[in-house]
**Q** 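First, the structure itself, so that you have it in front of you.
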Amino acid sequence: MKVQCLKGFRDYLPEEMLQKDRMLQSVQQVFERHGYPPLMTPALEYSEILLGKYGAEGEMLLYRFRDNGDRDVALRYDLTVPLARVLAEHGEITMPFRRYQIAPVWRAEKPARGRFREFMQCDADLIGADSAAADAEMLVIGAAVMKELGLDGYKLRINHRGILSALCRLAGLGTDGEAAFLRLLDKLDKIGADSFRDQVAELPGIDTGGVEKVLETVLAEGGESRQMLQMLQQALASDPEAQSSIDRLTGVLDLVEAAGVSEFCHVDPSIARGLSYYTGLVYETYLDALPGFGSVMSGGRYDGLVGMFAGKDLPAIGISLGIDRLFAAMKEMDLLEQRSQPAEVLVVLFSTELAAASFEVASKLREAGISTVVYPQEAKLKKQLQFAQRAGIPYVIVIGEEEHRQGTVGLRSMDQGNQQEIPIAEAIDLIRSALQSDAR
RNA sequence: GUGGGUGUAGCUCAGUUGGUUAGAGCGCCAGUUUGUGGUAUUGGAGGUCGAGGGUUCGAGCCCCUCCUCCCACCCCA
């Protein structure tokens with residue numbers, strides 16, 4: 001037997017898990033600060049719930065199988081479709097409805113750098129409102145999450161499906177050529193304009209003059225959001241459907257500006273998004289330092305998705321953060337705090353006879369809210385101190401025969417290397433105030 | 001999924017044109033110090049050389065298959 005975990009899956013050892021947990025807590029905090037309560041759904045869904053939502057390519061990536069009761073089931077591919085199912089299944093939910101969900105999803109893709117087959121998504125969604133305010137709220141939350149994580153080198157690239165459709169029409173394409181055209185448009189900055197022209201020319205019904213207009217707009221110098229919208233306005237002036245999309249993006253920009261996060265938001269007409277259920281605003285987030293890592297946070301408006309279950313459409317928009325990818329990115333950028341233990345204090349276990357004294361002191365420390373471990377067996381002091389040092393535990397309480405007789409403890413600071421013999425109550429006060437000033 | 005690379009101790013890597021018992025640094029364990037960490041010093045454990053076949057008197061090294069990880073394409077969190 002070869003002992004290893006599945007390709008594309010990974011273990012998080014305690015040190016990493018501690019770091020990832022801190023990130024998750026930040027995300028959760030931001031979501032709740034914006035008024036989003038949590039939701040939990042099962043990992044498995046009936047296959048028919050998930051089928052037909054992600055396009056042909058997405059569907060191939062489902063982990064699908066028959067369970068022991070011969071039900072056709074699949075692991076969830078994202079958190080959005082299960083949310084749509086919940087909304088359709090529970091009629092008692094009232095609108096507008098907000099919720100966040102932090103949970104693993106599974107995609108049978110080929111693993112690569114920053115890409116896993118099992119990964120955590122952190123989603124926030126707002127259902128029941130089709131407005132610039134709802135759209136902008138997502139971007140505001142996204143920016144708040146990044147800020148909470150200590151990241152400011154990133155770009156939220158935003159676009160609108162209506163603009164994409166209009167660009168396709170401009171290029172002379174109907175709905176059938178749309179997917180192929182958008183895929184190329186999405187890759188434009190990678191393949192270059194010439195290659196784009198060559199490949200696009202093979203699409204049936206393509207209008208080369210229109211393609212030039214598209215290129216002219218998309219490749220416009222400056223790239224400032226308002227300017228970009230003006231360019232689009234001119235290029236798509238004769239397309240009434242495009243106008244409402246442009247107006248919407250303008251409204252979103254106004255609100256994002258008011259919220260003070262416009263510096264991160266950039267209108268980018270080449271952002272396409274693969275998932276087939278998006279209908280309005282779409283966005284992806286790229287880290288300036290690691291553009292090749294792919295999008296770390298993205299989402300969009302999906303007004304038709306809930307209707308596929310409920311029978312009537314419900315406007316909806318959401319944002320999804322890939323915490324595992326972001327974790328891997330932050331690790332590469334060396335932005336993660338290192339610490340292998342949550343404990344602040346190690347209480348030495350001097351001898352079997354004095355174990356009770358150690359337990360007594362440890363309980364007092366914990367009651368005072370200080371994370372404490374007792375060394376789990378008899379060992380040389382040297383070894384116990386070495387353990388504390390390696391684990392990054394900043395304080396050690398020594399209780400030997402001397403201390404026990406005198407009713408004191410030895411409080412040792414691992415950083416400073418000094419030790420004082422004082423009563424336990426005093427030690428607790430000292431540790432507590434030292435930890436508080438560290439936290440500041 | 002396609003193409004290219006890669007795989008030797010827990011980690012980073014040496015290993016000469018195939019030739020006896022496969023090495024280093026770091027880490028780990030233990031002693032020097034039977035009440036005190038980081039330094040120093042001494043010793044020790046740990047590898048079916050990714051897996052399985054083949055060529056050869058002989059394979060870590062050559063050939064085939066599979067697997068892993070990395071890079072590009074594709075797609076995305």
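By convention in this document, chain letters (A, B, ...) are assigned in the order of the sequence lines, proteins followed by strands, and residues within each chain are numbered from 1.
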**Q** Assign A:Phe387 to base, sugar-phosphate, or nothing according to its heavy-atom contacts below 4.0 angstrom with the strands shown.
**A** nothing

**Q** From NZ of A:Lys383 over to C1' of B:rG31, roughly how many Å is that when rounded to an integer?
**A** 13 Å

**Q** Can you work out whether A:Glu402 or A:Leu6 has the more 5'-proximal nearest nucleotide on RNA chain B?
**A** A:Glu402

**Q** Side-chain N or O of A:Arg390 versus OP1/OP2 of B:rC29: is the shortest distance under 4.0 Å?
**A** yes

**Q** Just to be sure I understand the rule, does A:Arg412 reach a base, reach only the sugar-phosphate, or reach nothing, if contact means heavy atoms closer than 4.0 Å?
**A** base

**Q** Would you kindly give the CD-to-C1' distance between A:Glu284 and B:rA77, to the nearest whole Å?
**A** 10 Å

**Q** Whole angstroms only, please: what is the CZ-C1' distance between A:Arg10 and B:rU68?
**A** 16 Å

**Q** Is the phosphate of B:rU2, meaning OP1 or OP2, less than 4.0 Å from a side-chain N or O of A:Lys110?
**A** no

**Q** CG of A:Leu61 versus P of B:rA77: gap in Å, rounded?
**A** 11 Å

**Q** Base, sugar-phosphate, or nothing for A:Glu401, non-hydrogen atoms under 4.0 angstrom?
**A** base

**Q** At less than 3.5 Å, do the side-chain atoms of A:Arg325 and the base atoms of B:rC76 form a donor-acceptor pair?
**A** yes

**Q** Under 4.0 Å, heavy atoms only, any strand: does A:Met297 hit a base, just the sugar-phosphate, or nothing?
**A** sugar-phosphate

**Q** Side-chain N or O of A:Ser298 versus OP1/OP2 of B:rA77: is the shortest distance under 4.0 Å?
**A** yes

**Q** Tell me whether the NZ or CZ atom of A:Arg117 lies within the 45° cone about the ring axis of A:Phe9 and under 6.0 Å from its centre.
**A** no

**Q** Please work out if A:Gly114 contacts a base, only the sugar-phosphate, or nothing of the nucleic acid, heavy-atom cut-off 4.0 Å.
**A** base

**Q** Could you tell me whether A:Gly417 contacts a base, only the sugar-phosphate backbone, or nothing, with contacts defined as non-hydrogen atoms closer than 4.0 Å?
**A** base

**Q** Nearest whole Å is fine: how far is B:rC73 P from A:Ile191 CD1?
**A** 11 Å

**Q** Using whole Å, report how far OH of A:Tyr375 lies from P of B:rG37.
**A** 14 Å

**Q** Once you round to the nearest 0.5 Å, how far does CG of A:Leu50 lie from CZ of A:Arg85?
**A** 9.5 Å

**Q** Got a donor-acceptor pair under 3.5 Å from the side chain of A:Gln419 to the base of B:rU36?
**A** yes

**Q** So is A:Arg301 actually on top of A:Tyr278's ring, under 6.0 Å and inside 45° of the axis?
**A** no

**Q** Does B:rC74 have its OP1 or OP2 closer than 4.0 Å to a side-chain nitrogen or oxygen of A:Arg183?
**A** no

**Q** Around atom CD of A:Glu48, are there more than 12 heavy atoms from other residues, nucleotides or ligands closer than 6.0 Å?
**A** no

**Q** Is the phosphate of B:rU33, meaning OP1 or OP2, less than 4.0 Å from a side-chain N or O of A:Lys380?
**A** no

**Q** Base, sugar-phosphate alone, or nothing: which one does A:Val105 contact when heavy atoms must sit under 4.0 Å apart?
**A** nothing

**Q** Where does the angle between the aromatic ring planes of A:Tyr375 and A:Phe387 fall among parallel (under 30°), tilted (30 to 60°) and perpendicular (over 60°)?
**A** perpendicular

**Q** Please work out which of the three classes, parallel, tilted or perpendicular, describes the rings of A:Tyr12 and A:Phe327, given edges at 30° and 60°.
**A** perpendicular

**Q** For a quick test of reading the model: is some side-chain N or O of A:Lys7 closer than 4.0 Å to OP1 or OP2 of B:rU68?
**A** yes

**Q** Among residues 118-125 of chain A, which residues get a heavy atom nearer than 4.0 Å to RNA chain B?
**A** A:Phe119, A:Gln121

**Q** Where each pair must be Watson-Crick or G-U wobble with both distances under 3.5 Å, what dot-bracket representation of RNA chain B is obtained, with crossing pairs in [ ] and other-strand partners as |?
**A** (((((.(..((((.....[...)))).(((((.......))))).....(((((..]....)))))).)))))....

**Q** Give the rounded distance in Å between these two atoms: CH2 of A:Trp106 and C1' of B:rA77.
**A** 14 Å

**Q** Specify the separation, in whole Å, of atom CD of A:Gln199 and atom C1' of B:rC74.
**A** 13 Å

**Q** With A:Asn159, which residues qualify under side-chain hydrogen bond (donor to acceptor under 3.5 Å, both in side chains), at least two apart?
**A** none

**Q** Name the one of A:Val145, A:Ile323, A:Leu326 that satisfies side-chain contact (heavy atoms from CB on, under 4.5 Å) with A:Cys122?
**A** A:Ile323

